[in-house]
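Not measured: the values here are computed from a predicted model. Note on naming: letters A, B, ... go to the chains in the order of the sequence lines (proteins, then strands), and numbering restarts at 1 for each one.
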Amino acid sequence: MKMEDMPLSGPDNTKLEALVHDIYSELVEDACLGLCFEVHRAVKQGYFFLDETDQESLKEFEIVDQPGVDIFGQVYNQWKNKECECPNCKRLIAASRFAPHLEKCLGMGRNSSRIANRRLASNNNMSKSESDQEDNDDLNDNDWSYGAEKKAKKRKSDKNQNSPRRSKSLKHKNGERRIQTSEYNYNTGINYETLGPDEVRSFLTTQCGVISEHTKKMCTRSQRCPQHTDEQRRAVRVFLLGPSATSLPDAEAVVESDSFDIPDGQTLMSRLQWEDSPDISPADSASSKASTNHSDSRRPKKKKRTPLSLNAVGGVGGGGGGGGGVGNVTGGSSSSSSQSNISLPTKKKRPKLPAPSISSTYDDLN
Amino acid sequence: MSKDTKMRATINQKLTEMGERERLKELLRAKLTECGWKDQMKAHCKEVIKEKGLEHVTVEDLVVEITPKGRALVPDSVKKELLHRIRAFLAQHAS
């Protein structure tokens, strides 16, 4: 005990000391009362006994410490392995892949329409020589075929390459988009080397047959294919079948030669002087699409025919016609327009062609 | 006697006016909580409440039960500290 605490003076101090104690007592009582009020309020409000729960509740909310489970006892990847059955295709799909699968399966959503359009476009590329249009429709409608999707992706490069060409062909065909430029149609061209002469002949009677410079394949379009001129077709026939063995023009040549016999030598002469030909004859006015110049429609046939007809007729003009054909130089004066229609291949082939015929006709004449 | 009473009144007044009383109160509460007196008292309260029933316990019941026990359970160190402070105040401000 400290000396300070002890009262120093006598009677006053006792009073003072009593006072001190009184003050102290007051303070302690105050503290007790405060506690009582606090507890009483807690009891009446109902939060006094919160820390005391029964055993059953304690067990229920106990912290879980098992592997594969969180502290509340829940499994976190419960839905990972669940599979859902697609209402459209009846397949079992993993839950996390279900939404994208539905998008494609039902054909809704941005991606699926994009893919479908792409497939449609690339199917157009390959549709010409492949399966029927009906098959293609089936393929396009069935969004569900993965194979077609893969094909579409592979052919995408083809589609891109072809687009300028395709728009060109669109003009001719009035929006019919199924027809594809034959030159780019790698799978559908015919290689003339593989065909026998009879096959070539039969092929050439029905189809264009012009050999593409890029691929060395023959065009499989019709005789009126806009891609190639009649001149080209004639040249190809000559090239493939030989100068005297052209199938199509042969038949017509026979007919036409008969018809020209009548008009006779004068017209023949005038015709023969022309470079390329006697195309412009009043009798023959059939025009095909290919010819861009005036009434040069039947040129290929006529051109081929001229030497032949000359051979058949044996007229004087025959050699002239052949000579006119050879000499582009001489032809300059006459129909220059027709001259412009001569493409290189024909130019090359022409000299060979008329040369023997010229010699033969002259021989005949002589 | 009246002098004594007067003196007491004066000191009390001073104690309150100067804020010493509040300070002492806070000091006491802190010390009692620190030494565990409060928890002890609360446990005793629970017994009383269980005895009397949760619904029917009144403030008076608690006061009557708690106060004497509380007074007795105050640790000596706390008591001494407080007495010291009161005396110091009196010595300082007594007329």
List the atom pairs, donor and acceptor, that lie under 3.5 Å between side-chain atoms in residues 34-59 of chain B and the rest of the protein, sequence neighbours left out.
| unit_1 | atom_1 | unit_2 | atom_2 | d |
| --- | --- | --- | --- | --- |
| B:W37 | NE1 | B:G70 | O | 3.0 |
| B:K46 | NZ | A:E52 | OE2 | 3.4 |
| B:T58 | OG1 | B:D61 | N | 3.2 |
| B:T58 | OG1 | B:D61 | OD1 | 3.4 |
| B:T58 | OG1 | B:D61 | OD2 | 3.1 |

Mark yes when over 12 heavy atoms from residues, nucleotides or ligands other than A:R97 sit less than 6.0 Å from its CZ; otherwise mark no. no
Do B:I86 and A:L27 make a side-chain contact, defined as non-hydrogen atoms from C-beta onward lying under 4.5 Å apart? yes
Looking at A:L19 and B:I11, what are the two nearest heavy atoms and their distance? CD2-CD1, 3.3 Å
NE2 of A:H21 to NZ of B:K79: how many Å apart, nearest 0.5 Å? 6.5 Å
More than 12 heavy atoms from other groups under 6.0 Å of OH on A:Y47: yes
If you count heavy atoms of other groups shown closer than 6.0 angstrom to CG of A:D70, is the number above 12? yes
When heavy-atom pairs shorter than 4.5 Å are enumerated against chain B, which of A:C32, A:G34, A:A42 gives the highest number? A:C32
For A:L33, which atoms come within 4.5 Å of any heavy atom of chain B: side chain, backbone, both, or neither? side chain
Looking only at non-hydrogen atoms, find the nearest pair between B:R29 and A:D30 and report the distance. NH2-O, 4.0 Å
Scored by heavy-atom pairs under 4.5 Å with chain A, the best of B:L62, B:V78, B:I66, B:L15 is B:L62
So does A:L92 have more than 12 non-hydrogen atoms from other groups sitting under 6.0 Å from CG? yes
Using non-hydrogen atoms and a 4.5 Å limit, figure out which bit of B:R21 sits close to chain A: side chain, backbone, both or neither. both
Of the backbone (N, CA, C, O) and the side chain (C-beta and beyond), which part of A:L35 lies under 4.5 Å from a heavy atom of chain B, both, or neither? side chain
Rounded to the nearest 0.5 Å, how far apart are OH of A:Y24 and CD of B:E81? 11.5 Å
